[in-house]
K.L.:
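The structure follows.
Proteins come first, then strands; the chains are lettered A, B, ... in the order of their sequence lines, and each starts at number 1. The figures that follow rest on heavy atoms only: side chains count, while hydrogens, waters and symmetry mates do not.
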Amino acid sequence: MTAVVTRFAPSPTGYLHIGGARTALFNWLYARGRGGKFLLRIEDTDRARSTPEATDAILKGMEWLGLDFDGEVISQFDRADRHAEVANELLAKGAAYKCFATQEEIEAFREEARAAGKSTHFQSPWRDADAATHPDAPYVVRLKSAQDGETVINDEVQGTVRIKNENLDDMVLLRSDGTPVYMLAVVVDDYDMGVTHVIRGDDHLNNAARQMGIYTAMGWDLPTYAHIPLIHGPDGKKLSKRHGALGVEEYQAMGYPSAGMRNYLARLGWSHGDDEFFTDDQAKEWFGTDGIGKSPARFDFKKLENICGQHIAITDDAALLHEIVMYREAANLPALTDVQSQRLNAALYCLKDRAKTFPELLEKAHFALIEGEIEVEPKAAKNLDTVSRGILGALTPQLQNVSWTRDELEAVLNRFAEDNGMKFGKLAGPLRAALAGRAATPSVFDMMLVLGQEISLERLTQAANGGDS
RNA sequence: GCUCCGUUCGUCUAUCGGUUAGGACGCCAGGUUUUCAACCUGGAAAGACGAGUUCGAUUCUCGUACGGAGUACCA
């Protein structure tokens, strides 16, 4: 059995959108789970629409998603000579022909066909023309595709799909300027790159039948096809910019961890029994085309968040800190100072299972990130009224000479609450406001432990004095 | 127009002819709780529609409806 080779072949005409990212992920999982190779090819034969910025965005997106590929990035445009070579070989074999029809002639043909309710596929009069009759004019090279019988696609996802050959047109292989067209380029590239499994969007299912004509004419073995359904927006319509069709870098900027993104995307349109939450290793082991569904899936941010929250919770602190740093960069937030990252690192243990995204985690880490003056948000301000400040003023001295451990702090605070005839909850609000300036924070004990005695007492004192001392 | 593909709770999905149609997210109720989150318990919630095959269809076949894709000298 030959080794598996998959590829991701985006065209660089925009950012790497979520559907493309999932296609890349599927190919990556398939290859990586089988000890195979995963290649990247940029389909840049459309010079007018391809941009280096887009290629860059694709590369960045894949890097963020952790989808590493083997070998160099392959530019399809760079291989134009090879594509032309194959076209000429097809010509020599009589499997392709030169077509001198003008755009006007083709247009006229289509209009007539449409009016007659027939297939609009252009039927070139040059298909069987004698070379002696060829004019000295520009021409395109078209594939002489079969006209009878049917083409059968054995697709791993779609099953057996039969298309009558009469519905296949003689597609253009080489433009009149001699440059190759995508349909030719994919086939030649996939063949030359040794691609064994073509996993791509099902918008290419029809194309597969047409491309198979080239394989047959060249006598090449077909790859295994798996045409996966596209992702739709929340309204079930085609994904548009308004809902979810954002570039993957925007998901990074929104603060989703990439492991969660991979998990969610893998689960979108693919399943392995009831497993919802899994690691990369599990996904690689489990992934196969048999688990891919046939119907389009919709993107759901709620579920993404849930999965991401679970991944944040199991990520080790060092990796998490690193990813948060990268997130801040992607979101154009100021870099963390040394003190901030030290404190954040120390606080991660009590933060990571309370947040679904990095912004949420950072929001809860607010107490650890403040340096200097604390601004009290309105919701917390009511916990710092005169009465509360009095309580804090009475409490603070009692924390002067205790050993700064969780047990000790719990003991002191509980005793204080009891002595003053109040429930601990009554005490927690003011403490939270004093330590973080917020109403929603991690446990007050965790905050005091992370901040340390000196800073904790400083903040308590400041709050007790009304914040104006 | 023509060709191809799809359709199970709101969403992602399981089911490979016989199930009280399962799980997850979300939602609702209750519990726990120093806030948030988490957690625990319970609940509502689905086979597009119509025929056919079969002892028996969510599952197989056909049709209809609705979505999607392709039909380029775009990819």
K.L.:
Centroid separation under 6.0 Å, is that true for the rings of A:Tyr251 and A:Tyr15?
P.N.:
no
K.L.:
Within the sub-3.5 Å range, which N or O atoms of nucleotides 5-7 of chain B have a protein N or O partner, and how far apart are they?
P.N.:
from : atom 1 : to       : atom 2 : distance (Å)
B:C5 : O3'    : A:Gln158 : OE1    : 3.4
B:C5 : O2'    : A:Gln158 : OE1    : 3.1
B:G6 : OP1    : A:Lys294 : NZ     : 3.1

K.L.:
List in chain and number order the residues that pass side chain to side chain donor-acceptor pair (under 3.5 Å) with A:Lys144, two or more places apart in sequence or in another chain; answer none if no residue qualifies.
P.N.:
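Partners of A:Lys144 by the side chain to side chain donor-acceptor pair (under 3.5 Å) criterion come out as none, since no residue qualifies.
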K.L.:
Using the P atom as the reference point in each nucleotide, state the distance between B:C60 and B:A14 in Å, no decimals.
P.N.:
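13 Å, rounded to whole Å.
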K.L.:
My understanding is that only one of A:Arg82, A:Arg7, A:Arg79 makes a salt bridge (charged side-chain N to carboxylate O under 4.0 Å, His left out) with A:Asp189; could you say which?
P.N.:
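It is A:Arg79, the one option of A:Arg82, A:Arg7, A:Arg79 that forms the salt bridge (charged side-chain N to carboxylate O under 4.0 Å, His left out) with A:Asp189.
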K.L.:
Not counting sequence neighbours, which residues clear side chain to side chain donor-acceptor pair (under 3.5 Å) with A:Asp353? List them please.
P.N.:
none
K.L.:
If you measure from the C1' atom in B:U58 to the same atom in B:U15, how many Å do you get, rounded?
P.N.:
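So the two C1' atoms sit 8 Å from each other.
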K.L.:
With a cut-off of 3.5 Å and sequence neighbours excluded, list every side-chain donor-acceptor pair involving residues 428-451 of chain A.
P.N.:
from     : atom 1 : to       : atom 2 : distance (Å)
A:Arg432 : NE     : A:Thr441 : OG1    : 3.1
A:Arg438 : NH1    : A:Glu363 : OE1    : 2.9
A:Arg438 : NH1    : A:Glu363 : OE2    : 2.4
A:Arg438 : NH2    : A:His366 : ND1    : 3.4
A:Arg438 : NH2    : A:His366 : NE2    : 3.4
A:Ser443 : OG     : A:Phe445 : N      : 3.1
A:Ser443 : OG     : A:Asp446 : N      : 3.3
A:Asp446 : OD1    : A:Tyr349 : OH     : 2.7
A:Asp446 : OD1    : A:Arg406 : NH1    : 3.3
A:Asp446 : OD1    : A:Arg406 : NH2    : 2.5

K.L.:
Suppose we screen for side chain to side chain donor-acceptor pair (under 3.5 Å). Which residues come up paired with A:Asn167, at least two apart in sequence or across chains?
P.N.:
none
K.L.:
Identify each donor-acceptor pair in which a side-chain atom of residues 148-165 of chain A lies under 3.5 Å from a protein atom, sequence neighbours left out, and give them as a table.
P.N.:
from     : atom 1 : to       : atom 2 : distance (Å)
A:Glu150 : OE2    : A:Arg162 : NH1    : 2.6
A:Thr151 : OG1    : A:Asn165 : OD1    : 2.5
A:Asp155 : OD1    : A:Val157 : N      : 2.8
A:Asp155 : OD1    : A:Gln158 : N      : 2.8
A:Asp155 : OD1    : A:His227 : N      : 3.1
A:Asp155 : OD2    : A:His227 : N      : 3.1
A:Asp155 : OD2    : A:His227 : ND1    : 2.6
A:Glu156 : OE1    : A:Thr289 : OG1    : 2.7
A:Gln158 : NE2    : A:His227 : O      : 2.9
A:Asn165 : OD1    : A:Thr151 : N      : 3.2
A:Asn165 : ND2    : A:Asp148 : O      : 2.7

K.L.:
Using a cutoff of under 3.5 Å, can you pull out all pairs of nitrogen or oxygen atoms linking the protein to nucleotides 40-48 of chain B, with atom names and distances?
P.N.:
none

K.L.:
Check the interface with nucleotides 72-75 of chain B: list each N/O to N/O pair with the protein under 3.5 Å, or write none.
P.N.:
from  : atom 1 : to       : atom 2 : distance (Å)
B:A72 : OP2    : A:Arg110 : NE     : 3.0
B:A72 : OP2    : A:Arg110 : NH2    : 3.2
B:C73 : O2     : A:Ser176 : N      : 2.9
B:C73 : O2     : A:Ser176 : OG     : 3.1
B:C73 : N3     : A:Ser176 : OG     : 2.9
B:C74 : OP1    : A:Arg175 : NE     : 3.4
B:C74 : OP2    : A:Arg175 : NE     : 2.2
B:C74 : OP2    : A:Arg175 : NH2    : 2.8
B:C74 : O3'    : A:Arg175 : NH2    : 3.3
B:C74 : O2'    : A:Asp46  : OD2    : 2.4
B:C74 : O2'    : A:Arg49  : NH2    : 3.3
B:C74 : O2     : A:Arg49  : NH2    : 3.1
B:A75 : OP1    : A:Thr45  : OG1    : 2.9
B:A75 : OP1    : A:Arg175 : NH2    : 2.5
B:A75 : OP2    : A:Arg175 : NH2    : 3.4
B:A75 : OP2    : A:Tyr182 : N      : 3.0
B:A75 : O3'    : A:Glu43  : O      : 3.0
B:A75 : O2'    : A:Ser11  : OG     : 2.9
B:A75 : N6     : A:Asn207 : ND2    : 3.2
B:A75 : N1     : A:Asn207 : ND2    : 3.1

K.L.:
Just jot down the side chain to side chain donor-acceptor pair (under 3.5 Å) partners of A:Asp281, sequence neighbours excluded, or say none.
P.N.:
none
K.L.:
A:Glu43: what forms a salt bridge (Lys or Arg N to Asp or Glu O under 4.0 Å) with it, not counting sequence neighbours?
P.N.:
A:Arg41
K.L.:
Where along residues 357-364 of chain A does a heavy atom come under 4.0 Å from RNA chain B, residue by residue in number order?
P.N.:
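Close to the strand are A:Lys364.
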K.L.:
With rounding to the closest Å, how many angstrom separate the C1' atoms on B:A65 and B:A51?
P.N.:
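The answer is 15 Å between these two C1' atoms.
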K.L.:
Students often get this wrong, so: under 4.0 angstrom with heavy atoms, is A:Gly201 touching a base, only sugar-phosphate, or nothing?
P.N.:
nothing
K.L.:
How would you summarise protein contacts on nucleotides 18-23 of chain B per nucleotide, using B for base, S for sugar-phosphate only and - for none, with heavy-atom distances below 4.0 Å?
P.N.:
----BB
